[in-house]
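In what follows, a single structure is set out as structure tokens and then discussed.
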Amino acid sequence: MGIIQFESVNCKDCCKCIGVCPVKSIEVKNHQANVVERDCILCGNCTVVCPQNAKRSVNELGSIRDLIHDGKRVIGSVAPSYAAYFDGCGFEAMSAALKKLGFSSVRETAEGAHLVKSQYEELLRKGEQATVISTCCPTLNAYVQKHLPEAIPFLAPVLTPLQAHARLLHEEDPDAAIVFIGPCISKKEECRKGGDGLCYALTFDELADWLRETNTELVHGEPEDRCLSRFFPVTGGILETMERLPQYDYIAIDGAENCMNALRDVVAGKITNCFLEMSFCTGSCVGGPAFRKRELSLASSTLKVKKTAVDGEMPREQRPDFNVHAPQTLETSFRDEQIYYDQPTEKQIAAIFRKMGKKSAADELNCGMCGYASCREKAIAVYFGRAEISMCMPYMKKRAESFSDKILAITPNAILAVDLDMKVQQINHAACQMFSLQVEDILGQSVSRILDEFDFVEMVANNKASMEKYNYLAEYNLYLKQSFYYDASAGIILCIMKNITQEKQRKNQLMQHKTQVIGMADSIAEKQLRIVHEIASLLGESAAETKVAIAELKEAVMIDDEER
């Protein structure tokens with residue numbers, strides 16, 4: 001399991017982490033980001049800027065609690081920046097709180113810092129390296145080993161303060177577990193690899209959560225004795241503790257970009273006879289991820305740390321410092337861990353550019369919205385499978401606009417977009433044909449030039465999301481089916497109009513035809529009724545005449561029989 005974990009549920013269509021990653025060790029697949037562990041230097045920037053809080057470092061609090069519960073001796077090594085994070089808290093208050101949580105002993109990592117600075121001084125006195133780079137920052141060390149191994153010969157072959165302190169504590173108590181507490185995520189990886197009885201690391205924010213959960217208070221007391229090596233967590237703090245030799249220049253550099261540029265200068269031979277204090281975080285440790293998450297002021301944090309160190313007016317040689325016995329050795333070595341990738345050819349990059357809709361240099365906007373500094377860097381990331389074409393916002397915007405423009409162009413419906421000032425912001429070709437005008441004639445003009453603005457005003461006034469109505473425009477002899485849509489967030493009312501004039505005319509013609517047919521049917525019925533009445537009348541007369549004739553015939557027959 002990697003130190004930094006991404007929660008894919010929350011991570012979607014966001015490139016902030018790529019933008020702040022100094023080595024671009026983040027890949028995006030299916031619109032979600034993941035850490036490329038082999039290249040990651042654990043600067044923690046991605047955990048700070050993530051708007052969804054989807055990136056977290058591994059939390060080992062459960063394992064530490066288990067150790068304490070099982071009766072294991074657990075020693076806390078507290079980084080000197082505690083005073084800044086916990087608002088001027090003294091070490092005695094911190095120690096008391098940690099012992100309440102179950103720590104058997106609490107020490108200051110600044111003890112290890114004192115050992116390391118002494119080793120730096122010895123290294124410079126020997127003069128074996130013309131240029132020496134401090135190795136207190138594990139993120140800097142990881143960057144050199146993974147991304148600029150040419151700078152390894154310039155690194156001081158000295159343990160970090162954390163490693164030196166762990167070795168000291170391990171020699172004093174070999175069976176104890178050691179927990180480093182500080183602002184830095186990369187210390188967690190140091191603990192994994194370190195050995196020397198060093199097992200776990202907690203960040204200050206994780207400790208703060210633990211204190212809140214257990215209702216453990218940090219009780220501030222009287223100011224305590226100051227120690228020179230507590231200067232380490234601020235920019236220039238290492239140099240502040242060191243004895244200066246005239247044959248060397250001493251400079252402090254902080255911030256990822258500044259450190260990377262300085263390292264390249266060292267490799268190029270532009271910097272010589274110099275001791276360089278380097279920290280990848282701006283402001284050094286008091287600018288670490290834990291501080292940035294809480295948005296703590298760099299100036300006030302630096303001041304609080306300095307107040308725990310020494311009086312600035314006191315000469316360096318008179319300033320009190322820790323008095324601890326150095327372990328057997330504090331030396332270390334660094335190895336080349338760089339992964340070498342076959343770079344894409346210009347032809348392959350050009351092919352990716354074409355897929356991104358970039359056909360010329362003018363199309364390479366280098367806007368940085370994808371998180372990469374240039375379109376070329378983005379194309380290389382696509383080649384390595386670390387980025388997706390869809391991450392290019394101008395490309396996607398252009399594609400969406402092109403697609404929407406095509407829809408607007410081919411749809412037979414008239415479409416009109418009006419802003420809250422009732423000004424026409426967009427109109428398609430079908431609408432221009434419908435109202436017999438050109439785009440430039442109406443764009444930016446009042447919608448009342450072609451339509452009654454009452455319906456648009458009603459949408460806004462009543463905050464209606466949608467409305468549908470039928471309308472007849474006598475001026476244009478048009479029957480329209482109008483659909484209105486109001487986007488309050490964008491301040492736009494969209495009107496889609498379907499020309500139903502022919503359909504309406506056909507219905508009118510059909511109605512006229514039906515009326516004519518009904519009239520004809522009524523006329524025929526009346527005529528037939530008259531005929532029936534006439535026939536009935538004639539039949540009645542004929543029947544009467546027939547009855548009279550029959551009667552007369554019967555009478556004549558009877559008379560004839562009597563005479564016989």
Side-chain angles (χ1 to χ4, degrees), residues 2-7 10-11 14-26 33 35 40-59 61 78-89 109 136-143 160-162 180-190 201-212 231-237 252-260 277-306 308 368 371:
I3 297 298
I4 297 178
Q5 299 296 308
F6 278 38
E7 296 179 14
N10 294 338
C11 181
C14 174
C15 299
K16 270 195 168 184
C17 55
I18 298 175
V20 299
C21 179
V23 294
K24 299 297 180 272
S25 61
I26 294 173
V35 172
C40 179
I41 58 175
L42 295 171
C43 64
N45 289 343
C46 60
T47 66
V48 177
V49 303
C50 181
Q52 298 296 326
N53 199 26
K55 303 162 188 68
R56 302 172 181 268
S57 61
V58 171
N59 192 328
L61 179 56
V78 184
S81 50
Y82 68 86
Y85 188 89
F86 293 99
D87 195 24
C89 168
T109 316
C136 294
C137 175
T139 295
L140 175 84
N141 301 340
Y143 172 76
T160 67
L162 168 58
F180 172 77
I181 302 170
C184 187
I185 289 175
S186 61
K187 298 294 186 184
K188 293 177 180 280
E189 183 69 12
E190 235 186 317
L202 287 178
T203 58
F204 283 148
D205 43 0
E206 291 167 348
L207 174 60
D209 290 340
W210 191 5
L211 292 171
R212 278 193 297 270
F231 262 122
F232 261 59
V234 301
T235 299
I253 302 166
D254 62 358
E257 187 174 352
N258 293 334
C259 286
M260 291 189 290
E277 172 195 320
M278 286 196 186
S279 174
F280 242 63
C281 289
T282 301
S284 194
C285 299
V286 292
F291 284 86
R292 280 177 279 151
K293 281 183 181 179
R294 284 188 57 194
E295 299 181 350
L296 296 176
S297 164
L298 182 59
S300 61
S301 295
T302 301
L303 185 59
K304 288 173 184 176
V305 167
K306 285 188 174 183
T308 67

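Since we're looking at a predicted model, the values are computed, not measured.
Val234 and Ser284 get closest at one heavy-atom pair: C-CB, 3.5 Å. Listed here is the closest heavy atom pair of Met278 and Cys259: CB-SG, 4.0 Å. Of all heavy-atom pairs spanning Cys40 and Ser25, the tightest one is CA-OG, 3.4 Å. Of all the heavy atoms in Val20 and Cys46, the pair that sits closest is CG2-N, 4.1 Å. Val286 approaches Ala84 most closely through the heavy-atom pair CG1-CB, 4.3 Å. Scanning all heavy atoms of the two residues, the minimum distance from Ala142 to Ile41 falls at C-CG2, 3.8 Å.
To the nearest 0.5 Å, atom CG of residue Leu303 and atom CG of residue Leu298 are 11.0 Å apart. One distance of note links NZ of Lys306 with OG of Ser301; it measures 12.5 Å at 0.5 Å rounding. Taking CD1 of Ile185 as the start and NZ of Lys187 as the end, the distance is 13.0 Å to the nearest 0.5 Å. A distance of 13.0 Å separates NZ in Lys16 from CD1 in Ile26, rounded to the nearest 0.5 Å. One finds the CD atom of Glu190 at 4.5 Å from the CG atom of Leu162 (value rounded to the nearest 0.5 Å). Taking SG of Cys17 as the reference point, atom CD1 of Ile4 lies at 10.0 Å (rounded to 0.5 Å).
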Problem - Working for side chain to side chain contact (heavy atoms under 4.5 Å, CB included), residues Leu207 and Tyr82 - result: CA-CA 11 Å; Leu207 174 60; Tyr82 68 86; over 6 Å; no

Practice task
Under the side chain to side chain contact (heavy atoms under 4.5 Å, CB included) rule, what do Glu206 and Leu61 come out as? Steps first, then yes or no, please.
Solution key: CA-CA 8 Å; Glu206 291 167 348; Leu61 179 56; 5.9 Å; no

Exercise for the section: Carefully, step by step, assess Phe180 and Lys188 under the rule side chain to side chain contact (heavy atoms under 4.5 Å, CB included). Expected result: CA-CA 8 Å; Phe180 172 77; Lys188 293 177 180 280; over 6 Å; no

Problem - Verdict with reasoning, Phe204 to Ser81, per side chain to side chain contact (heavy atoms under 4.5 Å, CB included) - result: CA-CA 9 Å; Phe204 283 148; Ser81 50; 3.3 Å; yes

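Under the 3.5 Å distance criterion, the side-chain polar atoms of Thr109 are matched with a main-chain donor or acceptor of Val78. Within the 3.5 Å criterion, the main-chain N or O of Ser279 finds no donor-acceptor partner in the side chain of Asp254.
Taking the side chain as every heavy atom from C-beta outward, Glu189 and Pro138 never approach each other to under 4.5 Å. For the pair Lys304/Asp87, a side-chain contact is recorded, criterion being any heavy-atom separation below 4.5 Å from C-beta on. When side chains are defined from C-beta on, Asn59 does not count as touching Asp209, because their heavy atoms never get closer than 4.5 Å. Taking the side chain as every heavy atom from C-beta outward, Asn45 and Arg292 approach each other to under 4.5 Å. Contact of the Thr203 side chain with the Pro289 side chain is not registered, since no non-hydrogen atoms from C-beta on lie closer than 4.5 Å. With contacts defined as side-chain heavy-atom distances shorter than 4.5 Å, the pair Tyr85/Asp205 qualifies.
Note: Tyr143 and Phe280 have tilted aromatic rings, judged against thresholds of 30 and 60 degrees for the angle between ring planes.
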